[in-house]
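What follows is one structure encoded as structure tokens, with my remarks underneath.
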Amino acid sequence: MSKLTGSRTFEQVLAEIERRITRSGLTVGDRLPGERQLAEELQVSRSSVREAFRVLETLGLVECQVGRGPNAGAILTYDPDGTLTDLLRLNLSLSSLTMREVIDTRLMIEQWSAAQAARIPHDAESTAKSTAKSTAAMTAALAAMDNATTPEDFVHHDMAFHIALTDRAGNTLNSAIMRALSNTLHQYAVEAVHRLGHTADLQTDHRLIHTAITTGAPTDAVTAVTEHLARAYPPRAPEKERENC
């Protein structure tokens with residue numbers, strides 16, 4: 001197979017996985033090609049394949065098992081149908097939207113997610129495993145942003161923080177959309193860090209969000225998310241708003 005090229009390799013990998021699932025007639029319990037195999041066949045980075053599998057796992061379409069040997073890799077856990085196609089097409093259609101439309105959608109998702117995440121008990125005895133995992137991911141991303149040495153590195157962990165926030169709220173569709181949006185917004189977010197000239201204010205925002213969620217303060221969490229995204233993505237001039245992603 002020829003090498004996948006272009007700036008949206010992740011979306012191309014998703015589309016190729018979708019084609020393989022549909023073309024091969026896979027059913028629940030069937031195993032998809034491994035991360036290394038797909039990366040070699042498509043001639044892309046393993047990180048692109050890993051992110052594609054992460055989206056599929058978030059949607060509940062596959063279960064990814066770590067390790068090596070016959071039990072490692074991704075197993076199909078849901079019968080493919082039109083829903084799969086519609087959700088994966090989202091990743092490919094974002095380029096037709098304006099950046100403001102993408103940002104406004106992200107804001108709506110994160111406002112709801114922040115409020116919902118803050119309502120979930122944080123103590124170890126009452127917190128579900130998936131919730132504890134996403135909370136730990138938020139904490140780890142916060143620390144990683146402190147140690148980031150480049151805007152690109154900071155944005156990578158920034159996106160991980162916000163995806164983990166959405167994951168904690170427990171709506172898998174929102175999580176899938178956020179992953180799609182994060183890939184579309186990546187370069188814009190890097191430009192935002194360059195524009196601000198530092199990350200101190202963004203990190204202050206992140207800590208306010210983290211504290212509000214882990215201490216169970218929904219109103220504060222929504223306020224912190226709203227103010228943070230307004231700082232990172234201020235409204236552009238009208239002519240800029242018409243630019244596509």
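These numbers come from the heavy atoms of this one structure, side chains and all, not from hydrogens, waters or symmetry mates.
- Scanning for ring pair (Phe, Tyr, Trp, His ring centres under 6.0 Å) contacts around F154 gives an empty result, with sequence neighbours left out.
- Cluster annotation: F161 and W112 are assigned to distinct hydrophobic clusters (Ile/Leu/Val/Met/Phe/Trp/Tyr, side-chain heavy-atom contacts under 4.5 Å, transitive).
- Considering only residues two or more places apart in sequence or on other chains, A189 meets the side-chain contact (heavy atoms from CB on, under 4.5 Å) condition with V155, M159, Y233.
- To the nearest 0.5 Å, atom OG of residue S48 and atom CD of residue E35 are 10.0 Å apart.
- For the atom pair L229 CG and R231 CZ, the distance stands at 11.0 Å (nearest 0.5 Å).
- The distance from the CZ atom of R195 to the OH atom of Y188 is 6.5 Å, given to the nearest 0.5 Å.
- For H228, the ring pair (Phe, Tyr, Trp, His ring centres under 6.0 Å) partners at least two apart in sequence or on another chain are H162, H206.
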Take L196 and D201 through the side-chain contact (heavy atoms from CB on, under 4.5 Å) test and state the conclusion after the steps.
-> CA-CA 9 Å; L196 290 170; D201 291 341; over 6 Å; no
Output, in order, the C-alpha distance, side-chain angles, deciding distance and verdict of side-chain contact (heavy atoms from CB on, under 4.5 Å) for V102 and L185.
-> CA-CA 8 Å; V102 173; L185 284 167; 3.8 Å; yes
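- Side chain of Q116 to main chain of N171: no donor-acceptor pair is present (N/O by atom type, distance under 3.5 Å, no hydrogens or angles).
- With rounding to the nearest 0.5 Å, the separation of CG in L32 from CG in L38 is 7.5 Å.
- Sorted by first and then second residue, the salt bridge (charged side-chain N to carboxylate O under 4.0 Å, His left out) pairs with a member in residues 104-114 read R100-D104, R106-E110; sequence neighbours excluded.
- Residue pairs meeting the salt bridge (charged side-chain N to carboxylate O under 4.0 Å, His left out) criterion with at least one partner in residues 208-222, sequence neighbours excluded, do not occur; the list is empty.
- Under the salt bridge (charged side-chain N to carboxylate O under 4.0 Å, His left out) criterion, the residue pairs touching residues 144-158 are D146-R207, with sequence neighbours excluded.
- Counting only distance, with no hydrogens or angles, the side chain of R168 and the backbone of A117 share a donor-acceptor pair below 3.5 Å.
- Under the 4.5 Å side-chain contact rule for hydrophobic residues, L208 and L142 do not share a cluster.
- To the nearest 0.5 Å, atoms NE2 (H156) and CE (M145) are separated by 11.0 Å.
- Distance check: S175 OG to I163 CD1 gives 8.5 Å after rounding to the nearest 0.5 Å.
- The two residues A192 and A232 have their closest heavy-atom pair at CB-O, 3.3 Å.
- At distances below 3.5 Å, at least one donor-acceptor pair connects side-chain atoms of T98 with backbone N or O atoms of E101.
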Take D167 and R179, measure what side-chain contact (heavy atoms from CB on, under 4.5 Å) needs, and give me the verdict at the end.
-> CA-CA 10 Å; D167 287 347; R179 282 181 165 82; 3.2 Å; yes
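- Linking ILVMFWY side-chain heavy atoms closer than 4.5 Å, directly or via other members, places L202 and V222 in two distinct hydrophobic clusters.
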Could you walk me through whether L165 and I209 pass the side-chain contact (heavy atoms from CB on, under 4.5 Å) check?
-> CA-CA 9 Å; L165 182 162; I209 295 168; 3.5 Å; yes
